[in-house]
Amino acid sequence: MSILVTGGAGYIGSHTCVELLNAGNEIIVLDNLSNSKPEALDRIKEITGKDFEFYQADLLNKNELMTIFSENKIDAVIHFAGLKAVGESVSIPLHYYHNNITGTLILCEVMEKFGVYNLVFSSSATVYGLQQCVPLHEELPTGATNPYGRTKLMIEEILRDVHVANNKWSIALLRYFNPVGAHSSGRIGEDPNGIPNNLVPYITQVTVGKLPKLKVFGNDYPTEDGTGVRDYIHVVDLAAGHLMALEKVMDSQGVNAYNLGTGIGYSVLEMIDAFERASGNSIPYEIIDRRPGDIGVSYADSSKAKQELNWVAQKGIDDMCRDSWRWQINNPNGYEKDQVKRKISVT
Ligand code: NAD
Ligand code: UFG
């Protein structure tokens, strides 16, 4: 099968490209590299020993998309490309709405033009909003608390409308919980720009000494130790979920939402503990106030993905921490080391 991967140079996209290539698929990667580095693409090739076409292109540029679809035979699209920083989305909402929503509209228009109706979309557990009743299941009412979350919610709705208008569409809306970890090779992983917003990249940077200490956002939530509880899922399990969703999309029609999580919640203090075990280092932290907009507890009911996609997360908390740690110590500055090497070899 030949799959267009939008955002394939990014964190989840790069891991999914590895799984797609290892399963014998052909891929075409589209990314504008606004939040990723070309080295990730080199490393996908290195891990898999396989080559693929890469287009440094923007979803907002319809002509570029038309070129990609006319130069390649595409059976399905996995659509990761989007901006994802919650805080930034509050500061520059128009940019988020334009990039994520208009980008998806243009992608769907071009797909229709070329008769490609199979789509796997990166949604998020953020579409459950401030929901209090866990585990979160797909039938719960949705909501959003920030512009980023609203882009995911609006795109889900748009894709449902697209299918109502033309029932050839077959779409999986994958609602990821908290992706962490890295490929076991230690060659690809999460490479956030600047100071990380998310817990695990923040912990890894404290552990290598790039940041002085972790700030734990609140210990007065109604959880066992008072700190926030999340459903962390290994990015390689998540990548595998995309292959299962793709199979489903290829032999059915309609729009289906699936939670991709482990169903187990860990608190911030439990994550610190697990990371100390994995790295052999102690992690300094202080408790500060809650982060505005955070919910106390979020974990998935993933039984629909199990029943309909035959997908279950395989990796546990120790795998996640060990693999995140391996990526961090092998690449203390993310993909930057390779860029320095490149610059040197050019001069
Ligand atoms: P990422 O930033 O690492 O990857 C997204 C990629 O899309 C980047 O490489 C970026 O350069 C590219 N991109 C952005 N806008 C583009 C555009 N207009 N044209 C072309 N390329 C563009 O993020 P990720 O963590 O891999 O997330 C992938 C998807 O999953 C995103 O849609 C994100 O919202 C969603 N998601 C992520 C998380 C998470 O915690 N990582 C959780 C839930 C959902
Ligand atoms: N936390 C800290 N200190 C930090 C960072 C996080 O204590 O420096 C805590 C948070 O309060 C929360 C937990 O660690 O309790 C996880 O926080 P993350 O920022 O890693 O993840 P969130 O669940 O807040 O949000 C993430 C993504 C969202 C996405 C959501 C659901 O950032 O975009 O998962 O998929 F919508």
Side-chain angles (χ1 to χ4, degrees), residues 5-16 29-38 40-41 55-61 64-65 78-87 89 95-96 98-100 102-104 106-107 121-129 136 144-146 148-149 151-152 155 174-180 189-193 195-203 205-206 211 213-219 221 223 227-233 235 238-239 259-261 265-269 271-272 285-298 300:
V5 184
T6 77
Y11 172 45
I12 306 169
S14 57
H15 288 81
T16 305
V29 173
L30 173 166
D31 202 301
N32 65 3
L33 303 180
S34 59
N35 197 39
S36 52
K37 309 262 167 42
L41 300 165
Y55 291 84
Q56 183 170 351
D58 199 304
L59 275 183
L60 296 171
N61 186 328
E64 286 180 339
L65 266 183
I78 305 185
H79 178 29
F80 293 102
L83 298 171
K84 63 165 182 178
V86 172
S89 80
H95 186 53
Y96 268 68
H98 188 51
N99 189 77
N100 292 4
T102 313
T104 304
I106 294 173
L107 174 67
F121 171 64
S122 298
S123 188
S124 167
T126 195
V127 301
Y128 294 112
L136 297 164
T145 55
N146 55 69
Y148 164 72
T151 69
K152 292 296 174 193
I155 294 169
L174 301 185
R175 295 176 177 169
Y176 312 155
F177 279 66
N178 289 58
V180 297
E190 187 170 12
D191 183 15
N193 272 329
I195 296 179
N197 296 309
N198 297 117
L199 180 67
V200 168
Y202 204 104
I203 290 182
Q205 296 200 10
V206 169
L211 294 168
K213 65 178 152 183
L214 174 72
K215 298 182 189 89
V216 175
F217 298 141
N219 65 349
Y221 286 107
T223 64
T227 64
V229 165
R230 294 291 183 277
D231 185 338
Y232 297 94
I233 172 162
V235 67
L238 197 57
N259 286 341
L260 297 184
Y266 289 101
S267 73
V268 177
L269 296 185
M271 288 303 282
I272 294 174
Y285 70 87
E286 66 172 324
I287 311 276
I288 63 163
D289 284 348
R290 291 182 179 195
R291 179 170 64 180
D294 268 2
I295 49 170
V297 183
S298 160

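In listed order, ligands and their atoms are each counted from 1. This is a predicted model, so every value here is computed, not measured.
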Short version for Leu214: what comes under 4.0 Å of ligand 2, heavy atoms counted, is side chain

Counting from 1 in the order shown, the ligand 2 atoms closer than 4.0 Å to a non-hydrogen atom of Tyr176 are 35 (O)

(message) Looking at ligand 1, is there an atom of it that comes within less than 4.0 Å of some heavy atom belonging to Ser34?
(response) yes

(message) Between Tyr202 and Asn197, is there a side-chain heavy-atom distance shorter than 4.5 Å?
(response) no

Closest to atom 34 (O) of ligand 1 among protein heavy atoms sits Tyr148 OH, 2.7 Å

Among non-hydrogen protein atoms, atom 31 (C) of ligand 2 lies closest to Ser124 OG, 3.7 Å

Determine whether any heavy atom of Tyr232 lies closer than 4.0 Å to an atom of ligand 2. yes

Atom 2 (O) of ligand 1 has as its nearest protein heavy atom Asn35 ND2, 2.7 Å

In terms of its nearest heavy atom to atom 28 (C) of ligand 2, the top option of Val86, Ile233, Ile288, Val180 is Val86

Student check: side-chain heavy atoms of Ser89 and Leu83 closer than 4.5 Å
no

_Using a 3.5 Å distance criterion without hydrogens, assess whether the side chain of Thr227 forms a donor-acceptor pair with backbone atoms of Ser267._
no

*Can you tell if the side chain of Gln205 reaches within under 4.5 Å of the side chain of Pro192, non-hydrogen atoms only?*
yes

Inset, instruction - Could you tell me if any non-hydrogen atom of Ala40 lies under 4.0 Å from any atom of ligand 1? - result: no

Margin query: I'd like to check Asn178 versus Asn198 (side-chain heavy atoms, cut-off strictly below 4.5 Å). Are they in contact?
Written below: no

For atom 10 (C) of ligand 2, the closest protein heavy atom turns out to be Asp294 OD2, 3.4 Å

Do Tyr266 and Val229 touch side chain to side chain, with heavy atoms closer than 4.5 Å? no

Can Asp294 and Arg230 be said to form a side-chain contact (heavy atoms from CB on, under 4.5 Å), step by step?
-> CA-CA 11 Å; Asp294 268 2; Arg230 294 291 183 277; 4.1 Å; yes

Check: Would you say Thr6's side chain and Phe80's backbone share a donor-acceptor pair under 3.5 angstrom?
Finding: yes

Subject >> Residue Phe217 excluded, over 12 heavy atoms near CZ under 6.0 Å >> reply: yes

The closest protein heavy-atom partner of atom 3 (N) of ligand 2 is Lys215 O, 2.7 Å

Note: ligand 1 atoms sitting under 4.0 Å from heavy atoms of Leu33 are 11 (O)

protein heavy-atom neighbour closest to atom 2 (C) of ligand 2 works out as Phe217 CD1, 3.3 Å

- Item | Any side-chain heavy-atom pair of Asn259 and Tyr128 under 4.5 Å | yes

The protein heavy atom nearest to atom 15 (O) of ligand 2 is Gly228 CA, 3.5 Å

closest protein heavy atom to atom 11 (O) of ligand 1 is Asp31 OD1, 2.7 Å

Worksheet entry | Leu199 N/O to ligand 2 N/O under 3.5 Å | yes

For Val216, the atoms of ligand 2 under 4.0 Å from one of its heavy atoms are 7 (O)

Of all protein heavy atoms, the one nearest atom 13 (N) of ligand 1 is Asn32 OD1, 3.5 Å

Under 3.5 Å between any N/O of Thr126 and any N/O of ligand 2: does that happen in this structure? no

Original post:
So do Ile203 and Val206 actually touch side chain to side chain, heavy atoms under 4.5 Å?
Top reply: no

The closest protein heavy-atom partner of atom 3 (O) of ligand 1 is Tyr11 N, 2.8 Å

Numbered in order shown, the ligand 1 atoms found under 4.0 Å of a heavy atom of Gly7 are 6 (C), 7 (O)

Per-atom filter on ligand 1: closer than 4.0 angstrom to a heavy atom of Gly82 are 5 (C), 7 (O), 13 (N), 14 (C), 15 (N)

Taking only non-hydrogen atoms of Asp58 and a 4.0 Å limit, the atoms of ligand 1 in range are 17 (C), 18 (N), 19 (N)

Closest to atom 19 (N) of ligand 1 among protein heavy atoms sits Leu59 N, 3.0 Å

*Judged by non-hydrogen atoms, does Lys152 sit under 4.0 Å from ligand 1?*
yes

Numbered in order shown, the ligand 1 atoms found under 4.0 Å of a heavy atom of Ser123 are 43 (C), 44 (C)

Ligand 1 atoms nearer than 4.0 angstrom to some heavy atom of Leu30 are 20 (C)

Partner of Tyr176 under side chain to side chain contact (heavy atoms under 4.5 Å, CB included), picked from Asp231, Leu238, Ile233, is Leu238

Ligand 1 atoms nearer than 4.0 angstrom to some heavy atom of Ala57 are 19 (N), 20 (C)

Margin query: Is the shortest side-chain heavy-atom distance between Tyr285 and Val268 below 4.5 Å?
Written below: no

In this structure, atom 18 (P) of ligand 2 is nearest to the protein heavy atom Asn198 ND2, 3.5 Å

If you scan protein heavy atoms around atom 17 (O) of ligand 2, the nearest is Arg291 NH2, 3.4 Å

Atom 18 (N) of ligand 1: closest protein heavy atom, distance to 0.1 Å, is Asn99 OD1, 2.8 Å

Ligand 2 to Asn197, heavy atom cutoff 4.0 Å, flagged ligand atoms 5 (C), 19 (O)

of all protein heavy atoms, closest to atom 22 (P) of ligand 2 is Asn178 ND2, 3.6 Å

Filtering Phe177, Tyr202, Tyr148 for the heavy atom nearest atom 33 (O) of ligand 2 leaves Tyr148

ask   = Quick one: does Tyr221 get within less than 4.0 Å of ligand 2, heavy atoms only?
value = no

Inset, instruction - Please test Asn35 against Asn193 for side-chain contact (heavy atoms from CB on, under 4.5 Å), starting from the C-alpha separation and ending with a verdict. - result: CA-CA 7 Å; Asn35 197 39; Asn193 272 329; 3.0 Å; yes

Note: ligand 1 atoms sitting under 4.0 Å from heavy atoms of Ser122 are 29 (C), 30 (O), 32 (O), 35 (C)

**Study point:** Verdict with reasoning, Val235 to Tyr11, per side-chain contact (heavy atoms from CB on, under 4.5 Å)
**Key:** CA-CA 8 Å; Val235 67; Tyr11 172 45; 3.6 Å; yes

Of all protein heavy atoms, the one nearest atom 27 (O) of ligand 1 is Ile12 CD1, 3.7 Å

Check: Relative to each other, are the rings of Tyr96 and Tyr148 parallel, tilted or perpendicular (30° and 60° limits)?
Finding: perpendicular

